[in-house]
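The structure appears below as structure tokens.
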There are 2 protein chains.
Amino acid sequence: MANLNSSEDIDYGILDTLVGYKLRRAQVNIFNDFSEHCSRFGITPGLFGVLSIVERNPGLTQTAIANALGNDRSAMVSVVDRLESMNIVERKPSASDRRSHALFLTPHGEIFYKELVAEVLKHEASFTSLLNEGEKPLIIDMLDRIANHKPAKQ
Amino acid sequence: MANLNSSEDIDYGILDTLVGYKLRRAQVNIFNDFSEHCSRFGITPGLFGVLSIVERNPGLTQTAIANALGNDRSAMVSVVDRLESMNIVERKPSASDRRSHALFLTPHGEIFYKELVAEVLKHEASFTSLLNEGEKPLIIDMLDRIANHKPAKQ
DNA sequence: TATTGTTATACTCTATAACTATA
DNA sequence: TATAGTTATAGAGTATAACAATA
């Protein structure tokens with residue numbers, strides 16, 4: 001009897017030629033591995049993005065960070081709440097604008113982030129090992145092109 | 001006064017070197033454009049994936065399709081319900097196993113899918129135009145490697 | 001015993017709208 | 001008038017567990 005559940009004989013048709021579909025499958029797999037690596041830190045890919053921006057750009061506002069990451073500022077609230085509750089990030093009143101909060105890593109956050117980055121780099125190396133000489137800068141360049149492409153509305 | 005909301009001067013640090021982060025940004029952008037192109041069809045990237053598998057592999061069970069797409073079979077229920085309510089897909093009783101449903105495109109679904117593919121190919125061409133000679137097969141190959149990589153648990 | 005479709009459920013992510021305090 | 005942070009809310013996507021029918 002034919003095995004209707006085997007995925008070996010599946011014809012993916014056009015999906016095998018679509019960059020978007022392949023991007024999706026790759027992104028899900030690499031994010032799952034990231035999450036496994038960083039679960040002991042309690043850090044998800046989204047939290048890591050915020051931490052990385054704060055670490056390199058201390059004093060930015062929540063809205064600036066949301067814009068940098070392409071997210072809505074409303075989503076920043078619970079993220080920063082979580083990072084503050086973990087004693088990794090702190091909100092400080094902005095000197096120039098009393099509406100906004102300036103974000104900084106705490107002293108513990110600085111140490112935490114360094115250990116976290118070491119784990120992230122292990123994860124990254126595992127995937128980078130799949131790429132041949134010169135392929136990593138090339139795929140990052142291609143992904144930048146795709147990420148920044150804004151087709152004209154029709 | 002310094003503009004804390006400009007994303008021009010942001011230092012992305014390690015994020016600029018992480019394939020996972022770049023994949024995420026690229027995938028979000030290309031999925032948004034896909035959704036805009038296909039909104040008049042009422043089709044999301046996820047629905048398109050199911051349709052493409054059904055069209056090329058008529059008679060597969062819901063579980064087989066979920067496995068092919070890397071999703072859980074429980075998520076197939078509402079997806080197939082939606083596609084049936086749109087008269088695009090139909091569940092037929094499996095001849096060999098009365099537990100399972102065999103999925104097929106309806107006659108209208110066949111026409112619908114052809115028109116949909118034409119729109120998807122416009123979307124795809126817009127992004128493929130960003131890639132130079134030989135880069136598309138290369139990025140698809142790299143994305144396949146990343147999608148299929150299963151690091152040993154540590 | 002195992003699998004299929006299903007249901008109920010829950011969790012994350014994301015986005016929108018509206019409010020307040022400030023600018 | 002406009003903006004920052006916040007709150008409430010809602011939708012999509014995804015996953016787990018359990019159940020009835022069937023294998």
Side-chain angles (χ1 to χ4, degrees), chain A residues 1-7 21 24-25 27-29 31-32 34-36 38-39 42-50 59-84 89-103, chain B residues 1-7 21 24-25 27-29 31-32 34-36 38-39 42-50 59-84 89-103:
Chain A
M1 152 181 163
N3 184 355
L4 296 178
N5 294 323
S6 160
S7 61
Y21 176 72
R24 170 71 179 157
R25 296 299 297 258
Q27 192 247 303
V28 166
N29 194 44
F31 264 44
N32 284 343
F34 183 102
S35 297
E36 283 174 25
C38 298
S39 63
I43 292 296
T44 62
L47 294 176
F48 182 75
V50 172
L60 281 191
T61 67
Q62 294 181 189
T63 297
I65 293 166
N67 290 342
L69 294 170
N71 299 325
D72 193 88
R73 66 200 158 96
S74 68
M76 287 293 296
V77 180
S78 70
V79 166
V80 177
D81 285 349
R82 278 168 74 181
L83 295 173
E84 267 198 329
V89 159
E90 57 183 341
R91 292 172 165 104
K92 291 185 180 176
S94 165
S96 58
D97 186 339
R98 283 191 298 168
R99 291 172 302 180
S100 59
H101 300 152
L103 299 190
Chain B
M1 152 181 164
N3 183 354
L4 296 179
N5 295 323
S6 160
S7 60
Y21 177 71
R24 169 72 180 158
R25 297 300 297 259
Q27 192 246 302
V28 166
N29 194 44
F31 264 44
N32 284 342
F34 182 103
S35 297
E36 284 174 27
C38 298
S39 63
I43 291 296
T44 62
L47 293 177
F48 183 74
V50 172
L60 281 191
T61 68
Q62 293 181 190
T63 297
I65 293 166
N67 290 342
L69 294 170
N71 299 325
D72 193 88
R73 68 200 155 98
S74 68
M76 287 293 296
V77 180
S78 70
V79 166
V80 177
D81 285 349
R82 278 168 74 184
L83 295 173
E84 268 198 329
V89 158
E90 56 183 340
R91 292 171 165 105
K92 291 186 179 176
S94 165
S96 57
D97 185 339
R98 283 191 299 170
R99 291 172 304 181
S100 60
H101 300 152
L103 298 189

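Reckoned from all heavy atoms, side chains included, excluding hydrogens, waters and symmetry mates.
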Worksheet item: Reading nucleotides 13-23 of chain C from the 5' end, what letters show protein touch, with B for base, S for backbone sugar-phosphate only, - for no heavy atom under 4.0 Å?
Response: SSBBB---BBS
Worksheet entry | Nearest heavy atoms of B:V89 and B:E84, plus distance in Å |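 For B:V89 and B:E84, the tightest heavy-atom pair comes out as O-CG, 3.1 Å.
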What integer distance in Å separates [X]:[atom1] from [N]:[atom2]?
X: B:L47; N: D:dG11; atom1: CG; atom2: P; value: 17 Å
X: A:D81; N: D:dT6; atom1: CG; atom2: P; value: 7 Å
X: A:L60; N: D:dG5; atom1: CG; atom2: P; value: 10 Å
X: A:F31; N: D:dG13; atom1: CZ; atom2: C1'; value: 15 Å
X: B:F34; N: D:dA12; atom1: CZ; atom2: P; value: 16 Å
X: B:N67; N: D:dA15; atom1: CG; atom2: P; value: 12 Å
X: A:Q62; N: D:dT7; atom1: CD; atom2: P; value: 10 Å

Tell me, please, which residues at least two apart from [X] pass side chain to side chain contact (heavy atoms under 4.5 Å, CB included).
X: A:T44; result: A:L47, A:R82
X: A:A66; result: A:R73, A:M76
X: A:N71; result: A:L69
X: B:D72; result: B:S74

Discussion item. Once salt bridge (Lys or Arg N to Asp or Glu O under 4.0 Å) is applied, do any residues pair with B:R98, and if so which ones, sequence neighbours excluded?
Written reply: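 If we apply the salt bridge (Lys or Arg N to Asp or Glu O under 4.0 Å) test to B:R98, skipping adjacent residues, there are no hits.
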